[in-house]
Amino acid sequence: MNQQPTETIEEIFINRGEEEQHQQLEDLLEAAEEGNLNLIAILHQAQNIFGYLPRRVQVRIAERLEIPFSKVYSVVSFYSLFSTTKRGKYTIEVCTGTACYVKGSQDILDKINDELDIEPGQTSEDDRFTLQDTRCVGACGMAPVVIIGDDVHGRVKPEQLPELLRQYE
Amino acid sequence: MQNKYEILLCAGTSCNSSGGPTIYQNLIAELKEHDLFAETKVTQTGCFGFCELGPIITIHTQNEADEVFYCQVEADDVRQIVQQHLLNGEIIDDLLYIDPETEEKIAKKEDMDFYKYQKRIVLDNCGKIDPLEIEEYMEQGGYQALKKAVTELEPEEVIAEVKESGLRGRGGGGFPTGIKWEITHDNQETPKYIICNADEGDPGAFMDRSILEGDPHSVLEGLALGAYAIGAEQGFVYVRAEYPLAVERLERAIKSAREEGLLGDNIHGSQFSFDVEVRIGAGAFVCGEETALITSVEGYRGDPQSKPPYPAQDGLWGQPTLINNVETLANVPIVIREGGAWYKKLGTEDSTGTKVFALAGDINNTGLIEVPIGISIGDVIFKLGGGIPDQKEFKAVQTGGPSGGCLPADYLDTPLEYDALLEVGSMMGSGGLIILDETSCMVDVARFYLDFTQDEACGKCAPGRIGTKRLLEIMDQIVEGEGRREDLERLKHLSHTIKRTALCGLCKSAPNPVLSAIEHFEGEYLAHAEDKYCPTGVCKGLQKYKIDSELCKACGKCETACPAQAIKGEVGETYEIDPEACTACGVCEEECPFEVISKG
């Protein structure tokens, strides 16, 4: 196979139409240097910019911080809140802590699977939702809890889900 | 109080998710509309604890006896509260708490069983003050302990007071706090660091979240006192990313403490300078373990290290570091303010003070409570907790989260105390109490916890990486109906090996839920492993065949076909499958000409 000359990191972003995000990332890395931000904090903010942490973003962070890419990747893959795949517009987080578990969080995951045909970790075909089973969110009094986007929904019953999901277009 | 009325509105995560913010907006609008805004003080407080009844509003006047507690308030009720209660002075009966036993309506907190048996010192400010207003914390005596320490006491005297109090680590380990401080103090190397561990990861536990949301300054004051005692100038609070509201309030609290000069250089004109930064996790349970937490604060993978060296010798960036849990630190200002001798009068001889517990699961009064250490499990569940809903039977209580165990009804007299719980094969843990009723399957619950710890195991040591995986596979086989009698012995043997050899606390304690379930519910395990039968019907892999009695034509073909003779009945009448005799072979389903037999 004929290997094309490699793109520069800047071109990689531009060729994907991510000029604006790329600029934000550069600004972030600039600020990180001055503000003494640690790697986890940088990754959180980079994920906010891009919605996820693709390889190109990790490579750029490693380059700028002058640390091996493997070190960045080791952190990204270690923590469950970092994602290397593209996510839907809304994240549905189904709490699977003990209180929610005994109050039926599995039935909720099953119902969402019926409705959207996605398992935890997957994104719906229309890119609207990414499903995630999350660790205890500490709202055990409201079990079972489902968080959609930034909204916390408590005491959710599986049959309410179709209506609830319709509210997020 | 200058105002005619003071209205307290719970703004914890639970009440916020059930309409709290809309209630607040409606309340302000309604007060303005009726010209009551100027004479009414509305405060958004931390968690009241009684999450089951949220959203909660309490109304106060200058006369304490006038307090009224409204629960399960909806946005539409606000108009009535303002017009009927504030304008006309009439209490709204429909919003009062109803005692489930006497069916009496109760207007005051202290008359409710849920609050009556509590001793709230750490949670005292939660549900009382606005967590964002530093002045309100100071009015309750806040930051006085810090002032007293830095202006009157030597660091050694602060440590002596904490030692005298008998305070033990509230994160679960129960290590004496004063001794931990002393060890870090005695290390001469500088700089030193202090970290507040707010990585509350146990599923079903929300004590630390509620303290951070409801009274963040108490934690900051505790941190500052710890820093003064050990000689640190920089502190960190490591909060898990799943708690955005706690992070927001903590950051605002740090800002106002800096503005008041309670954080920063030369606090109260002394030589003591101290500042705090927040570090946010990214979803890894193992980071609650001290050494893993340290690497995560540095920004890297939360890999645990073997101990020794302990953080007091070789901690953050290789420097001496003190790590305390949120609730432990929130106790410290009280200890310094009231004195160690006062503090140790609470609780038991070896476990002094109070403990915050989160009640969740199959219990009437879900919520957050604070009780003197040593109260019995039964009292918490049946007196404060109001017992089990829907007339179901109590089956077990799970204490200590994924590191703890399940205790059946025979143990209801056991005191909630560090050493007593260890003796019966469970542990205090950070304070989550999950109550399980008769419909819960103990094998499934043990499998649930193991699934959790297995998933969260970091993979650094072989017992944690491979041992927990094998353990989970055996459990999976049991709930799928592929278990054998020998599995119990295999589970026990492997569990003990993991406990002895794993690197850190996470996997050392991971087998505990399995072991305690085998100890207390052996019959249920055997039913799963040997008889391939789940007595509660929870385990889907073990579900037996059932005949839909409405559609059954009672032809009798299934009875003839069943190789286990598990189907009994009369032709033309009805047929039933005995679930204990059924081996789920599926022959009856195939034979039934009317397709009325199925699993489930």
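Worth knowing before you read on, the calculation uses all heavy atoms, side chains too, and leaves out hydrogens, waters and symmetry mates. Convention: sequence-line order gives letters A, B, ...; per-chain numbering from 1.
A donor and an acceptor atom, one from each side chain of A:S74 and B:Y300, are nowhere located under 3.5 Å apart.
One N or O on the side chain of A:S80 and one on the backbone of B:G283 form a donor-acceptor pair closer than 3.5 Å. Side chain of A:T98 to backbone of B:P203: a donor-acceptor contact under 3.5 angstrom is found. Here the side chain of A:H44 pairs no donor or acceptor atom with the backbone of B:A241 at under 3.5 angstrom.
Looking at B:F452, both its backbone and its side chain come within 4.5 Å of chain A, counting heavy atoms on both sides. Contact annotation for B:C47: neither backbone nor side-chain heavy atoms come within less than 4.5 Å of a heavy atom of chain A. Contacts between B:A358 and chain A at a heavy-atom distance below 4.5 Å are absent for every atom of the residue. For a residue to count as touching a neighbouring chain, one of its non-hydrogen atoms must lie under 4.5 Å from one of that chain's; by this rule B:T439 does not touch chain A.
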Apply salt bridge (charged side-chain N to carboxylate O under 4.0 Å, His left out) to residues A:R135 and B:D202 and explain how you reach the verdict. CA-CA 9 Å; A:R135 294 298 179 219; B:D202 281 9; over 6 Å; no
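The closest side-chain heavy-atom distance from A:F78 to B:D303 is below 4.5 Å.
Highest contact tally toward chain B, considering only A:G97, A:A139, A:C140, is held by A:C140 [criterion: heavy-atom pairs under 4.5 Å].
When the options B:D444, B:D451, B:V445 are evaluated for a side chain to side chain contact (heavy atoms under 4.5 Å, CB included) with A:Y101, the one that passes is B:D444.
In this structure, OG1 on B:T366 lies 7.0 Å from CZ on A:R155, to the nearest 0.5 angstrom. Remark: B:R240 CZ to A:C136 SG distance equals 6.5 Å, nearest 0.5 Å.
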